[in-house]
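Contents: one structure, followed by commentary.
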Amino acid sequence: MTRQLHFNLFLHDTGHHEASWRLPESDPNANLSLAAHQHLTRVAEDAKFDSVFLADSPVLWSDPGRRPAGKLEPTLLLAALAATTTRIGLIATASTSYNEPYNLARRFASLDHLSGGRAGWNIVTTAGAAAARNFGLDDQPLHRTRYERADEFLQVSTKLWDSWTDDAIVADKESGVHAVRDRVRDIGHHGAHFQVQGALNVPRSPQGWPLLVQAGSSDNGREFAARWAEAIFVANPTLAESQEFYADVKRRAVAAGRDPDHVVVLPGIVPVIGDSPAEALEREAELERLISPEYAVGTLATVLGVEVERLRLDEPLPADLPTEDEIEGHKSRRTLIVEWARRDNLTVRQLIGKLGGGRGHRTFTGTPVQVADTIQHYFENGAADGFNIMPAVLPSGIEAFAAKVVPILQERGLFRTEYTGRTLREHYGLPRPANTLELING
Ligand SMILES: Cc1cc2nc3c(=O)[nH]c(=O)nc-3n(C[C@H](O)[C@H](O)[C@H](O)COP(=O)(O)O)c2cc1C
């Protein structure tokens, strides 16, 4: 079959634009509403999207004074969404730095059972001292240490998911045997970060393992992705950067002994759609006018690792910013922002305007045909296997994308018109993992 696009909807209350909640049409409490999330997920499922996704961090992430900052726990919310959908994949973010593998492996196995094989895990290492301070630490562990822990976290989680063989449960009422005893095994993991005896208290789930997703693109992040990720979210402001990233992670996957087609690369895009080019540009400008620079400059200073007083709104970024090597937080996002500001000679105010929509993701502004053309161009020129769709305003942005852009791509044979698979892995064209403990133990 010809290669087709994959689409994930990045759920984000009233939209990815930081000022979207202030629009007259927006429900400022959508972040806490099951009905609002059900509506978004239904629109995406009707449009045959592969998945929806919820970001997360175990910390109050944004200034509650300036935007809706409350976030429901993602696996709980997705379990509720599983009950009102049948096909679309459900991807939740969870941190390997501030969880234990046993709890998390159990939670994702449960979600995979409850949804009939539609669970995915966006594996993050959680940057920032603020989250660390919620877990008895004074500062975040070093970047390298966070990724080392993540790697062992995945070793333990996959062993736990495999601690029951697929045929362990026989449920033989006649003989009184529910599961065959030696098909449920302890994992006996002893490592630098974790000691876990096992077995998991949830049998192997429909997908074997949830879909493994990753979104960090520093050198450590890319190595981790090459080893574990089956889908990758990434922020790239230009086509050239998407092409570089795409080629690099596929190359690293091959070096790690994996099939590059089993690593699906999904750059984030912010579609701003208008019926005419002028209408789309006006929509973008309207959102930019709603940004609060005093708030946005604080967020920017945190990512760049500088004191906020050093950023002057009508001047360029200071010349002597900390380098990527000198910060322990979001390394790749810092570099993306600094390179963008320097390349386009932007003042801090202009930079904030550009970041307001997608925090470094590329904005596709235009008519439905223009947006579809750009998507096709990326897809056919080594930049993407699909996209993480991040509408500036929700729900209107996904409604417009589903009603106007998706049919154009379906007409061109670039996107499915019906689901052909049942599980999230099947939507993304990914194999169900063999049971590694079964292989090792014969
Ligand atoms: C689309 C997308 C979604 C992300 N979602 C989260 C998230 O939910 N939680 C989080 O802590 N980080 C999230 N990140 C950030 C990355 O996981 C990572 O921390 C960041 O890119 C810096 O990682 P690096 O230092 O390896 O580059 C996301 C990144 C992207 C591109």
Side-chain angles (χ1 to χ4, degrees), residues 7-13 16 51-62 71-75 77-78 91-99 120-132 134-135 140-151 153 212-229 231-237 241-242 245-246 248-249 252 264-270 299 302-305 322-339 355 357-362 384 386-391:
F7 284 138
N8 172 76
L9 171 63
F10 188 161
L11 299 170
H12 202 272
D13 47 78
H16 284 268
S51 50
V52 294
F53 153 67
L54 288 164
D56 196 49
S57 193
V59 64
L60 184 55
W61 218 349
S62 47
K71 293 186 83 60
L72 299 174
E73 198 285 316
T75 56
L77 177 52
L78 292 183
I91 303 174
T93 299
S95 172
T96 53
S97 298
Y98 305 114
N99 280 296
W121 173 18
N122 177 38
I123 306 155
V124 298
T125 58
T126 310
N134 291 337
F135 296 88
Q140 62 188 325
L142 293 177
H143 194 264
R144 168 164 297 285
T145 311
R146 295 204 308 275
Y147 274 105
E148 280 166 7
R149 178 180 161 110
D151 193 77
F153 203 113
L212 302 180
V213 185
Q214 197 271 352
S217 47
S218 61
D219 196 50
N220 291 331
R222 291 181 192 208
E223 278 304 302
F224 179 82
R227 218 162 121 65
W228 293 106
I232 302 181
F233 296 140
V234 61
N236 298 131
E241 279 154 293
S242 284
F245 181 82
Y246 187 93
D248 185 57
V249 291
R252 288 180 196 239
V264 177
V265 180
L266 304 166
I269 53 165
V270 181
T299 311
T302 307
V303 176
L304 298 179
T323 64
E324 179 168 324
D325 287 342
E326 286 165 352
I327 62 164
E328 290 297 332
H330 294 275
K331 286 180 183 275
S332 56
R333 194 63 63 89
R334 171 254 167 233
T335 299
L336 176 161
I337 291 171
V338 173
E339 284 177 1
L355 294 173
R359 306 178 302 280
H361 292 78
R362 170 118 191 242
F387 290 90
N388 186 19
I389 307 297
M390 305 171 52

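Atoms within each ligand, like the ligands themselves, are counted from 1 in listed order. Note that the structure is a prediction, hence the values are computed from the model and not measured.
Counting heavy atoms from C-beta on, the side chains of P58 and N134 never come closer than 4.5 Å. No side-chain heavy atom of E241 sits less than 4.5 Å from a side-chain heavy atom of R362. L9 is listed as a side-chain neighbour of P391, based on a closest heavy-atom distance under 4.5 Å.
Neither the backbone nor the side chain of T125 comes within 4.0 Å of ligand 1, counting heavy atoms alone. The residue M390 has no part lying near ligand 1, judged by heavy-atom distances below 4.0 Å. Residue A55 touches ligand 1 through backbone and side chain together, judged by heavy-atom distances below 4.0 Å.
Between R252 and D219 there is a salt bridge, since a side-chain N of the basic residue sits under 4.0 Å from a carboxylate O of the acidic one. Between R334 and E324 no salt bridge is recorded (no basic side-chain N to carboxylate O distance below 4.0 Å).
Near A235, meaning under 4.0 Å from one of its heavy atoms, ligand 1 places the atoms 31 (C). For ligand 1, the atoms lying closer than 4.0 Å to a non-hydrogen atom of R333 are 29 (C), 30 (C), 31 (C). Taking a cut-off of under 4.0 Å to the non-hydrogen atoms of T93, the atoms of ligand 1 that pass are 7 (C), 8 (O), 9 (N). Per-residue contacts place N388 under 4.0 angstrom from the following atoms of ligand 1 (heavy atoms of the residue considered): 1 (C).
What sits closest to atom 24 (P) of ligand 1 on the protein, heavy atoms only, is S218 OG, 3.4 Å. Scanning all protein heavy atoms for the shortest distance to atom 5 (N) of ligand 1 gives N122 ND2, 3.8 Å. In this structure, atom 27 (O) of ligand 1 lies nearest to the protein heavy atom S332 OG, 2.4 Å. With hydrogens left out, the protein atom closest to atom 23 (O) of ligand 1 is G216 CA, 3.6 Å, a heavy atom. Looking from atom 19 (O) of ligand 1 to the surrounding protein, the closest heavy atom is H330 ND1, 3.5 Å. In terms of protein heavy atoms, atom 21 (O) of ligand 1 is closest to A215 O, 3.2 Å. Of all protein heavy atoms, the one lying nearest to atom 13 (C) of ligand 1 is V124 CG1, 3.9 Å. The shortest contact between atom 8 (O) of ligand 1 and any protein heavy atom is with D56 N, 2.7 Å.
Aromatic ring orientation, H12 versus F10: perpendicular (interplanar angle above 60°, classes split at 30° and 60°).
Ligand 1 lies nowhere less than 4.0 angstrom from a heavy atom belonging to Q214. Proximity of N220 to ligand 1 is not established, as no heavy-atom distance is less than 4.0 Å. At a 4.0 Å cut-off, not a single heavy atom of G268 sits close enough to ligand 1 to count as contact. For Y147, the closest heavy-atom approach to ligand 1 falls below 4.0 Å. At least one heavy atom of W61 sits less than 4.0 Å from an atom of ligand 1.
Between R146 and T126, the shortest heavy-atom contact is NE-O, 3.4 Å. Contact between T96 and F153 at its shortest, heavy atoms only, is O-CD1, 3.4 Å.
Taking Y98 as the reference, F135 meet the ring pair (Phe, Tyr, Trp, His ring centres under 6.0 Å) condition, with sequence neighbours excluded.
Where the criterion is an N or O separation shorter than 3.5 Å, residue side chain and backbone included, H143 meets it with respect to ligand 1. Checking only distances, S217 does come within under 3.5 Å of ligand 1, N or O to N or O.
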- Would D56 and T93 satisfy side-chain hydrogen bond (donor to acceptor under 3.5 Å, both in side chains), going step by step from the backbone distance to the final call? CA-CA 5 Å; D56 196 49; T93 299; over 6 Å; no
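Checking side-chain atoms of N236 against main-chain N and O of F245 turns up no donor-acceptor pair under 3.5 Å.
The ring of F53 has its center closer than 6.0 angstrom to the ring center of F233.
Remark: I337 CD1 to L304 CG distance equals 6.0 Å, nearest 0.5 Å.
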